[in-house]
Amino acid sequence: MSKETKTLEERIERIYRMAKGHFGEVRFVGIKKHTKIGWVAKIQFDEFESLVAEGEDATDALKKLRKRLKKIIDRYNMV
C-alpha cells in the first residue's frame with residue numbers, strides 16, 4: 001500500500017510549528033494562487049521579513065517553503 005499523503009492543513013501546521021519553535025512569533029503561514037506565478041506559500045513573522053516559496057501546485061509550494069525554513073534553521077544551529 002502507498003503511504004498516506006499529508007493534507008495541506010497538516011503541511012501548513014507542521015511549517016507553523018517549526019517556525020514558531022525556532023523564531024517565536026509567527027503572524028501566519030498560508031498559501032494562495034497567484035494569477036501570474038502560480039502557487040505561493042508564505043510565512044509572515046512579526047519581527048522578521050516574510051519567507052516565500054513558489055511552486056507548481058499548493059503542495060509543491062509548501063514543500064519548498066518547508067525546505068527553505070529547514071535550511072535557515074540548520075544554518076542558524078551550525079553557528
Side-chain angles (χ1 to χ4, degrees):
M1 217 156 67
S2 67
K3 63 181 196 178
E4 283 184 50
T5 55
K6 296 182 192 101
T7 64
L8 294 177
E9 290 85 3
E10 288 169 333
R11 290 182 190 282
I12 290 171
E13 185 64 37
R14 186 172 181 193
I15 291 169
Y16 179 83
R17 282 195 310 268
M18 277 177 70
K20 189 161 176 68
H22 186 74
F23 295 104
E25 286 306 308
V26 175
R27 193 168 294 160
F28 79 88
V29 176
I31 52 173
K32 69 177 181 177
K33 177 101 165 110
H34 194 284
T35 50
K36 290 191 169 84
I37 55 178
W39 285 93
V40 178
K42 181 177 185 179
I43 305 175
Q44 190 165 359
F45 300 101
D46 282 337
E47 299 170 21
F48 308 105
E49 280 189 40
S50 2
L51 282 178
V52 178
E54 298 165 18
E56 299 278 318
D57 55 36
T59 303
D60 187 40
L62 286 169
K63 281 181 179 178
K64 287 180 179 174
L65 184 63
R66 181 176 170 274
K67 196 173 179 182
R68 193 164 172 210
L69 177 64
K70 195 166 167 29
K71 275 185 180 175
I72 290 169
I73 292 171
D74 288 347
R75 220 174 282 145
Y76 176 85
N77 289 333
M78 284 192 320
V79 175

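Keep in mind that this is a model prediction, so the values were computed, not measured.
- Between the CD atom of Glu10 and the CG atom of Leu62 there is a distance of 12.0 Å, given to the nearest 0.5 Å.
- Pairs engaging residues 55-66 under the salt bridge (charged side-chain N to carboxylate O under 4.0 Å, His left out) rule: Asp60-Lys64 [sequence neighbours left out].
- Cluster note: Met78 groups with no other residue, as no ILVMFWY side-chain heavy atom lies under 4.5 Å from it.
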Output a table of donor-acceptor pairs, distance under 3.5 Å, between side-chain atoms of residues 43-53 and any protein atom two or more places apart or on a different chain; print 'none' if there are none.
from, atom 1, to, atom 2, distance (Å)
Asp46, OD1, Arg27, NE, 3.0
Asp46, OD1, Arg27, NH2, 3.2

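- Within a 6.0 Å sphere centred on NZ of Lys33, other residues, nucleotides and ligands contribute more than 12 heavy atoms.
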Decide yes or no on side-chain contact (heavy atoms from CB on, under 4.5 Å) for Met18 and Ile73, but give the supporting numbers first.
-> CA-CA 9 Å; Met18 277 177 70; Ile73 292 171; 4.2 Å; yes

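- Connection of Ile12 to Ile72 is established within a shared hydrophobic cluster, with ILVMFWY side chains joined at heavy-atom distances below 4.5 Å, either directly or through further cluster members.
- With a 4.5 Å cut-off on side-chain heavy atoms, Ile31 and Lys42 do not count as touching.
- With sequence neighbours left out, the side-chain hydrogen bond (donor to acceptor under 3.5 Å, both in side chains) criterion links Asn77 to no other residue.
- With sequence neighbours excluded, no residue forms a ring pair (Phe, Tyr, Trp, His ring centres under 6.0 Å) with His34.
- Screening residues 13-22 for side-chain hydrogen bond (donor to acceptor under 3.5 Å, both in side chains) gives no qualifying pairs among residues at least two apart or on separate chains.
- A single hydrophobic cluster is seen to contain both Leu8 and Leu65, as judged by linkage of ILVMFWY side chains at heavy-atom distances under 4.5 Å, directly or through other members.
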